[in-house]
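Side chains included, hydrogens not; waters and symmetry mates left out as well; all remaining heavy atoms used. Order of the sequence lines sets the chain letters (A, B, ...), proteins ahead of strands, with each chain counted from 1. Model, not experiment: these values are computed from the prediction.
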Amino acid sequence: MKPSIPKGTRDFSPTEVANRTYIINTIKTTFENFGFQPIETPSFENSETLMGKYGEEGDRLIFKILNSGDYLEKVTEQFLADKNSLKLTPQISEKALRYDLTVPFARYVVQHQNDITFPFKRYQIQPVWRADRPQKGRFREFYQCDADVVGSDSLWQEIDFIKLYDTVFSNLGLKGTTIKINNRKILSGIVEVIGASDKLIDFTVALDKLDKIGKEGVENEMISKGISKEAIAKVQPLFDFSGNNLNKLTSLENLLITSEEGKKGVSELRFIIENIQQLGLQSADLEIDVTLARGLNYYTGAIFEVAAPKSVSMGSIGGGGRYDDLTGIFGLKDVSGVGISFGLDRIYLVLEELQLFEKVALPKPTVLFLNFGDQEALFCMKAIAELRKDGIKSELYPEATKLKKQLNYADKREIPFVVIVGSQEVEKQVFTLKNMISGEQTSCSLSTLFGVVNK
RNA sequence: GUGGUUGUAGCUCAGUUGGUUAGAGCGCUAGAUUGUGGUUCUAGAAGUCGCCGGUUCGAGCCCGGUCUUCCACCCCA
């Protein structure tokens, strides 16, 4: 059998793990700096917790876990004969791998509501799974790094999340990201103004493609979804929406003058934009993007998405938003939440492409003791124990093979110091220390050895 | 889920209109050098040509299926 791993999954080499750890630690440190606390949830949930939360497409992409034991035992002949996967699945699968971290978090909040002090600020860095077809920057197993606040509907949270995005990317040395922001209420307002409130999703999904298929393409898609030409004519300003954020706010205010909800959305957006202007951002740009229509299944206010620097071709590296009623699904009403997510795997690809990983050093020993036989090895192990006590990474070459091979190993692993202890050294109780970079070699005592390698 | 693309040694890749024993570089192992790596030289090992089936006297090459890779759509981090 040829060994292989499932489609869309990956193995990580020591270098890759070091790089990933560096990103995770940067994000983690920044999260904690902003006052978030970590939680973890199981990698799989009860199916009913996840199903129906991400729309029809989402349900299809959730990995279902087959029941244990004879999972067909209780299924009636009728269900098997019908061959209806949608109806059969709940009977043979009661658990599913988590699809994101937001819904499990909402479940967590409701389940532990009595132990939580609100507003509750949590972060969570764990893998999620989607039965998607892999592509560039798209995997079936990948990590999300989420920070959310529940129990506060203050817009200062949104402002703080924008600062959080900016801080993380600055700390990673990733300049030129764009934080795009929109508001669900603005989208609702627009469809209300054009009299197509029942077509919110179709309208926004089409509008979202403006970048990709252009104005005509969007109009055609809207028409094909049953939105009238008159309605489309009313939102012409959206198609050539330009200028700075304040200009955009003004034209949105004019467009949405007859919609209470729309006006509310614009004023929320204005509050955020104006305060961010006062506070300033280090490396990211904040940009109003009315075509942004992610996560409409639960976002109710702000919607965020982060685009990588323009020189890199990569989908969004982060997303988030405000959800007023996510916990409502699990029975806890009137708790507003807002949060953002970082896509670790995509950030990795972006940093790699921009060569921002140089600083990350692989863990490796500082000193390698060569092995000349059991007697010499014992002598070395005593010294190694002393070195390790002082935090100097050291190891013994496990086998007494020829020196060429042992030195070659040190060379390959880029170990800076090698200690050679043969019978002569044991007899004199000294160490021959070799600097692998200069090739220099000296005979010395253990304390001298300490001094040299500890620099 | 739809359409396309890819797969040959551990790695990166050659392989002509289908024709004898499928090659190269790097890496690996051994030796030149029995206590000295990086450079050099010599030799060697290593492949069910993704898998299954078909066409053919003959398939790495053609056809079908399947898995995998990457890409676009859908959707998304």
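Nucleotides C67(B) and C76(B) are separated by 26 Å at their P atoms, to the nearest Å. Across the C1' atoms, C71(B) and A9(B) are found 28 Å apart, a figure rounded to whole Å. Taking the C1' atom of each, G23(B) and G60(B) are spaced 12 Å apart, rounded to whole Å. Rounded to the nearest Å, the gap between the C1' atom of G58(B) and that of U20(B) is 11 Å. C61(B) sits 11 Å from C51(B) when the P atoms are compared, rounded to a whole Å. Separating the P atom of U68(B) from that of U8(B) is a span of 16 Å, rounded to the nearest Å. To the nearest whole angstrom, the two P atoms, one in U5(B) and one in A43(B), are 44 Å apart. Nucleotides G4(B) and U66(B) place their P atoms 13 Å apart, quoted to the nearest Å.
For the side chain to side chain contact (heavy atoms under 4.5 Å, CB included) criterion with Leu396(A), the lone passing option out of Leu368(A), Val367(A), Asn371(A) is Asn371(A).
The residue Gly315(A) sits apart from the nucleic acid: no heavy atom pair falls under 4.0 Å. As judged by a 4.0 angstrom heavy-atom cut-off over every strand, Ser423(A) is placed among the base-contacting residues. When heavy atoms are screened at a 4.0 angstrom cut-off, Gly8(A) is found touching the sugar-phosphate backbone but no base atom. Using a 4.0 Å heavy-atom cutoff across all strands shown, Gly58(A) reaches no nucleic acid atom at all. Among the protein residues, Ser316(A) comes within range of the sugar-phosphate backbone only, with heavy atoms under 4.0 Å from sugar or phosphate atoms but none that close to a base. Among the heavy atoms of the strands lying under 4.0 Å from Val205(A) are primed sugar atoms or P, OP1, OP2 only; no base atom is included. Residue Glu425(A) is in base contact, counting any heavy-atom pair closer than 4.0 Å across all strands shown. The residue Ile5(A) sits apart from the nucleic acid: no heavy atom pair falls under 4.0 Å. Within the 4.0 angstrom heavy-atom criterion, only backbone atoms of the sugar-phosphate kind lie near Ile317(A); the bases stay farther away.
Between the side chain of Lys404(A) and the base of U36(B), no donor-acceptor pair of N or O atoms lies under 3.5 Å. Judged by distance alone, with hydrogens and angles left aside, Gln406(A) brings no side-chain donor or acceptor close enough to the base of G35(B) to form a pair under 3.5 Å. At a cut-off of 3.5 angstrom, counting only N and O atoms as typed in the model, there is no donor on one side facing an acceptor on the other between the side-chain of Asp411(A) and the base of G38(B). The base of U36(B) sits within donor-acceptor range of the side chain of Gln441(A), with an N or O pair under 3.5 Å. With hydrogens and angles ignored, no donor-acceptor pair under 3.5 angstrom links the side chain of Glu57(A) to the base of G1(B).
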| message | The test is side chain to side chain contact (heavy atoms under 4.5 Å, CB included); show your working for Ser188(A) and Leu200(A) and say whether it passes. | response | CA-CA 7 Å; Ser188(A) 300; Leu200(A) 174 69; 4.3 Å; yes

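Taking a cutoff of 4.0 Å between a charged side-chain nitrogen and a carboxylate oxygen, Lys95(A) and Glu45(A) do not qualify as a salt bridge. With respect to Arg138(A) and Asp345(A), no salt bridge is recorded, no charged nitrogen being found less than 4.0 Å from a carboxylate O. One finds no salt bridge joining Glu440(A) and Lys434(A) here, because no Lys/Arg side-chain nitrogen approaches an Asp/Glu carboxylate oxygen to under 4.0 Å. Arg122(A) has a carboxylate O that lies under 4.0 Å from a charged side-chain N of Asp148(A), or vice versa, which qualifies the two as a salt bridge.
Heavy-atom distances under 4.0 Å link RNA chain B to Arg130(A), Asp132(A), Arg133(A), Gln135(A), Lys136(A), Gly137(A), Arg138(A), Phe139(A) of residues 129-139 of chain A, given in residue order. Residues of residues 87-106 of chain A that place a heavy atom closer than 4.0 Å to RNA chain B do not occur. Residues from residues 24-54 of chain A that place a heavy atom under 4.0 Å from any atom of RNA chain B: there are none.
A side-chain N or O of Tyr123(A) and one of Glu32(A) form a donor-acceptor pair less than 3.5 Å apart.
Of the residues near RNA chain B, Lys209(A) and Asn435(A), the one whose nearest nucleotide (by heavy atom distance) lies more toward the 5' end is Asn435(A). For Leu407(A) and Arg346(A), each mapped to the nucleotide of RNA chain B holding its nearest heavy atom, the one lying further toward the 5' end belongs to Leu407(A).
With distances taken from any side-chain atom of Lys402(A) to the nucleotides G31(B), A77(B), G27(B), the minimum falls on G31(B). Checking G1(B), U69(B), U36(B) against the side-chain heavy atoms of Lys7(A) singles out U69(B) as nearest. Relative to the side chain of Lys212(A), the nucleotides C73(B), G1(B), U36(B) differ in distance, and C73(B) lies closest.
The nearest pair of heavy atoms linking Ser170(A) to Gln282(A) is OG-CB, 3.3 Å. Listed here is the closest heavy atom pair of Val75(A) and Ile92(A): CG2-CG2, 3.8 Å. When all heavy atoms are compared, the tightest approach of Arg413(A) to Lys364(A) is O-CD, 3.3 Å. Nearest heavy-atom pair across Phe34(A) and Lys121(A) is O-NZ, 2.7 Å.
Remark: ring of Phe142(A) stacked against base of A77(B); centroid gap under 5.5 Å, plane tilt under 30°.
Pair check for C62(B) finds G54(B); Watson-Crick or G-U wobble, both atom distances under 3.5 Å.
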